[in-house]
Amino acid sequence: MPLNMTKGVTEISQQVYDLHMTIFWICCAIGAVVFGIMFWSIVRHRKARGVQPAQFHESTKVEILWTAIPVIILIIMAIPATKTLIAMEDTTEADVTVLVTGSQWKWHYKYLNHDVEFYSLLATPREQIINKFAKGENYLLEVDRPLVIPTGKKVRFLMTSDDVIHSWWVPAFAVKKDANPGFINEAWTKVEQPGIYRGQCAELCGKDHGYMPIVVVAKAPADYDAWLNGEAERIAKAKAEEQELLSMNMSMEELMSVGERTYTAYCAACHQPNGEGLPGIFPALKGSAMALNDIPGHINIVLNGQAGTAMQAYAKQLSLKEIAAVITYERNAWGNNTGELVQAADVHAVMQGKGD
């Protein structure tokens with residue numbers, strides 16, 4: 001039924017569903033018995049029939065019965081519940097371990113068995129969000145880079161957060177764990193069939209809480225290994241490209257194009273697409289002193305964030321090219337028009353502590 005919980009695609013999710021239905025039918029049976037006796041008593045012993053109420057107090061038999069029967073029912077319910085909860089918490093002997101870090105408002109995945117890590121961001125077009133385009137089939141449940149796991153393998157998740165409390169929830173796996181800053185929570189899954197499984201943050205974590213989806217792609221082991229190899233090649237290629245960028249100068253057109261795309265994906269949620277921010281909450285970039293004057297300071301705040309504010313550090317989230325481009329865009333969009341270009345070498349110099 002649409003109102004019932006999903007059966008899921010894992011053994012644990014099936015156990016959770018079966019436990020849910022068992023408890024549900026027990027509750028239905030209890031309700032039927034209690035209300036049946038109550039309504040029967042109301043009709044059978046109504047005043048219109050001249051029935052006189054019994055007069056008794058402190059019946060030992062009644063006290064024993066209404067204590068013993070609920071205790072027995074709770075024990076019957078606790079046995080399967082305990083088995084399922086123990087199974088859900090058993091993260092031992094995992095084949096793959098993924099560190100899941102929540103931050104406002106995206107997920108970061110790091111494969112502890114491999115040198116692979118990346119951020120996963122909402123990919124739903126902004127035009128759909130502001131009702132310019134029709135909503136897609138997976139509206140607000142699309143990401144640019146999904147988490148990829150192998151089928152038939154036990155995958156362990158370590159949950160934490162960079163800022164506030166988030167919650168990583170994939171209904172098909174029966175996995176829902178809070179990601180708390182400064183703590184590590186654990187969960188696991190084992191998916192038998194390849195497929196795409198969607199979820200979202202289930203803890204109110206700020207103004208863009210609804211823009212924090214989760215997409216997990218389960219691949220056959222051979223396809224998963226091929227994906228890992230592809231990721232290793234991508235990372236190596238990106239590092240090589242960044243080294244080349246240090247000796248190259250991009251044009252204003254290229255910087256503005258890449259910068260606008262990066263700004264829309266990472267910055268517009270807080271500073272707004274028009275660069276005017278939200279008064280008293282997120283500062284405006286349009287006409288700001290930083291965007292018009294202080295280039296090293298501008299680079300530094302994008303790289304390292306600002307403590308005590310929602311401004312995050314993007315040094316590990318964005319490439320040198322993207323950081324240089326988004327800073328150039330911010331310094332030349334919305335009428336700022338400084339005419340100044342920031343190149344990857346400028347960003348690298350600040351990273352190395354050599355910026356002017």
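Worth knowing before you read on, the calculation uses all heavy atoms, side chains too, and leaves out hydrogens, waters and symmetry mates. Residue numbers count from 1 along this sequence.
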- Item | Salt bridge present between Lys135 and Glu127 (N-O < 4.0 angstrom) | no
- Message: Under a plain distance cut-off of 3.5 Å, with no hydrogens placed, do Thr91 and Glu186 share a side-chain donor-acceptor pair?
- Response: yes
- Message: Using the rule given for side chain to side chain contact (heavy atoms under 4.5 Å, CB included), can you reason through Leu318 versus Tyr266, listing the C-alpha separation, both sets of side-chain angles and the distance that settles it, and then say yes or no?
- Response: CA-CA 9 Å; Leu318 301 175; Tyr266 291 86; 3.4 Å; yes
- Query: Are any of the side-chain nitrogens in Glu93 or Arg156 under 4.0 Å away from the carboxylate oxygens of its partner?
  - Reply: no
- Mind checking the CD1-CZ spacing from Ile214 to Arg198? Nearest 0.5 Å is all I need. 12.0 Å
- Mind running side chain to side chain contact (heavy atoms under 4.5 Å, CB included) on Met250 and Leu341 for me, showing each step along the way? CA-CA 9 Å; Met250 294 183 286; Leu341 282 68; over 6 Å; no
- Query: Are a donor atom and an acceptor atom from the side chains of Thr151 and Glu192 found within less than 3.5 Å of each other?
  - Reply: no
- Query: Would you call Glu203 and Lys176 a salt bridge, taking side-chain N to carboxylate O under 4.0 Å as the test?
  - Reply: no
- Note on the structure: So CD1 of Ile295 and CE of Met290: to nearest 0.5 Å the spacing works out to 11.5 Å
- Drop me the distance from Ile149's CD1 to Tyr197's OH, to the nearest 0.5 angstrom. 8.0 Å
- Would you give the length of the straight line joining atom CD of Gln306 to atom CD of Gln312, rounded to the nearest 0.5 angstrom? 13.0 Å
- Message: Looking only at side-chain N and O atoms, does Asn4 offer a donor or acceptor that is under 3.5 Å from a partner on His20?
- Response: yes
- Message: If only side-chain N and O atoms count, and only distance matters, is there a donor-acceptor pair under 3.5 Å linking Asn229 with Glu233?
- Response: no
- Do you see a donor-acceptor pair shorter than 3.5 Å between the side chains of Asp90 and Thr92? yes
- Query: What is the minimum heavy-atom distance between Tyr119 and Lys316, and which atoms define it?
  - Reply: CE1-O, 3.9 Å
- Query: Tell me the ring-ring contact (aromatic ring centres under 6.0 Å, His included) pairs involving residues 207-237, sequence neighbours left out?
  - Reply: Tyr111-Trp227
